[in-house]
Amino acid sequence: HADQGGGALLDLSHDLDYLAWLIGPWRRVAAIGGRMSELEITSDDVFSLLYESERCPVIDVQLNYLDRLGRRRVIVNTTNHTYEADLVRNTLRVDGEEQHFPIERDATYRAMHAAMLSGEPAQACTAQEALDILALCDAARDAAACGHWRQR
């Protein structure tokens, strides 16, 4: 529900968290999104962001409640390699060569919570990193509403 702070953009913002960890803070963003389906919700159900960061000139992110395939993939193209991390299948492909990483689905969440409770929150983002992601979400929402790029 929108009035409770929900929506694809905020609910699925953890994907933006790990992208920031990989490629640095965002610089500018363009976006399209909102409530675009017939789901019986009041919040946004689809958001598509195109943005740039300090270390990456083009980032394309799709966040939605509609995808029935249950997929979460990150594809990174560099000068020498293409990396594809499939976060559902726990695989990493480098130029087509696949490696599998057997890990229980909730293991990383449990490790993060254990670290927080032990006073060693190394696996959690900082308050500033969280605020930066919320600023990206706000800028994406604004960009979608006005149809223009938004700067950090």
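Numbering starts at 1 and runs along the sequence shown.
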Participant: Among residues at least two apart in sequence or on other chains, which ones pass side chain to side chain donor-acceptor pair (under 3.5 Å) with Asp106?
Facilitator: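 Expected list: none.
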
Participant: Using every non-hydrogen atom in the two residues, find where Asn80 and Asp95 come nearest and quote the distance to one decimal.
Facilitator: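 Of all heavy-atom pairs spanning Asn80 and Asp95, the closest is O-OD2, 4.0 Å.
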
Participant: Tell me whether Asp86 contacts the main-chain N or O of Arg73 through its side chain, where contact means a donor paired with an acceptor under 3.5 Å.
Facilitator: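 Here the side-chain-to-backbone pair does not exist.
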
Participant: For Asn77, which residues count as a side chain to side chain contact (heavy atoms under 4.5 Å, CB included) partner, sequence neighbours excluded?
Facilitator: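 Per chain and number, Asn77 pairs via side chain to side chain contact (heavy atoms under 4.5 Å, CB included) with Ile75, Thr82.
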
Participant: I need the Ile59 CD1 to Glu52 CD distance, nearest 0.5 Å.
Facilitator: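 Between atom CD1 of Ile59 and atom CD of Glu52 there are 7.5 Å.
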
Participant: For Ile32, enumerate each residue passing the side chain to side chain contact (heavy atoms under 4.5 Å, CB included) test, keeping only those at least two apart in sequence or located in another chain.
Facilitator: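 With sequence neighbours excluded, Ile32 shows a side chain to side chain contact (heavy atoms under 4.5 Å, CB included) to Met36, given in chain and number order.
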
Participant: Taking the side chain from Tyr65 and the backbone from Ala8, do they hold a donor-acceptor pair closer than 3.5 Å?
Facilitator: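 Side chain of Tyr65 to backbone of Ala8: a pair is present.
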
Participant: Do the non-hydrogen side-chain atoms of Ser37 and Val46 ever get within less than 4.5 Å of each other?
Facilitator: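 Side-chain contact under 4.5 Å: no.
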
Participant: Got more than 12 heavy atoms from elsewhere within 6.0 Å of CZ, Arg55?
Facilitator: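 Atom CZ in Arg55 is packed in, count exceeds 12.
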
Participant: Would you say Trp149 and Ile23 are hydrophobically clustered, going by side-chain heavy atoms of ILVMFWY under 4.5 Å?
Facilitator: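 In one cluster with Trp149: Ile23, no.
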
Participant: Using 0.5 Å steps for rounding, measure from the CG atom of Asp44 to the CG atom of Leu39.
Facilitator: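 With rounding to 0.5 Å, CG (Asp44) is 11.0 Å from CG (Leu39).
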
Participant: Shortest non-hydrogen contact from Arg35 to Glu38?
Facilitator: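 Closest heavy-atom pair between Arg35 and Glu38: NH2-C, 4.3 Å.
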
Participant: Within the 4.5 Å heavy-atom criterion, are Val74 and Tyr83 side-chain neighbours or not?
Facilitator: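 Side-chain contact under 4.5 Å: no.
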
Participant: Can you check side chain to side chain contact (heavy atoms under 4.5 Å, CB included) on Leu63 and Leu9, steps first, answer last?
Facilitator: CA-CA 6 Å; Leu63 304 170; Leu9 184 60; 4.0 Å; yes

Participant: Identify every side-chain donor-acceptor pair in residues 15-22 under 3.5 Å, counting partners at least two apart or on other chains, and give the distances.
Facilitator:
from, atom 1, to, atom 2, distance (Å)
Asp15, OD1, Arg72, NE, 3.2
Asp15, OD1, Arg72, NH2, 2.2
Asp17, OD2, His14, ND1, 3.2

Participant: Should Leu50 and Val61 be counted in the same cluster of Ile, Leu, Val, Met, Phe, Trp and Tyr side chains packed under 4.5 Å apart?
Facilitator: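 Each belongs to a different hydrophobic cluster.
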
Participant: Any chance you could measure Thr91, atom OG1, to Glu98, atom CD, to the nearest 0.5 Å?
Facilitator: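 Answer rounded to 0.5 Å: 4.5 Å.
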
Participant: Go through the structure and list residues passing side chain to side chain donor-acceptor pair (under 3.5 Å) with Gln62, not counting sequence neighbours.
Facilitator: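 By the side chain to side chain donor-acceptor pair (under 3.5 Å) rule, Gln62 matches Ser48, Asp60.
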
Participant: Do the non-hydrogen side-chain atoms of Arg110 and Glu104 ever get within less than 4.5 Å of each other?
Facilitator: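 Counting from C-beta outward, Arg110 and Glu104 do come under 4.5 Å.
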
Participant: Does one hydrophobic cluster hold both Val29 and Val58, with members joined at side-chain heavy-atom distances below 4.5 Å?
Facilitator: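 No.
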
Participant: Would a 4.5 Å heavy-atom cut-off, applied to side chains only, mark Asp45 and Asn64 as touching?
Facilitator: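 No. Closest side-chain heavy atoms not under 4.5 Å.
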
Participant: Taking only Lys NZ, Arg NE, NH1 and NH2, and the carboxylate oxygens of Asp or Glu, determine whether Arg27 and Glu54 approach each other closer than 4.0 Å.
Facilitator: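 No salt bridge links Arg27 with Glu54.
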
Participant: Considering only distance and modelled atom types, tabulate donor-acceptor pairs under 3.5 Å from the side chains of residues 132-146, sequence neighbours left out.
Facilitator:
from, atom 1, to, atom 2, distance (Å)
Asp132, OD1, Gln128, NE2, 2.9
Asp132, OD1, Arg152, NH2, 3.4
Asp132, OD2, Arg152, NH2, 3.3
Asp138, OD1, Arg141, NH1, 3.2
Asp142, OD2, Arg150, NE, 2.5
Asp142, OD2, Arg150, NH2, 3.4

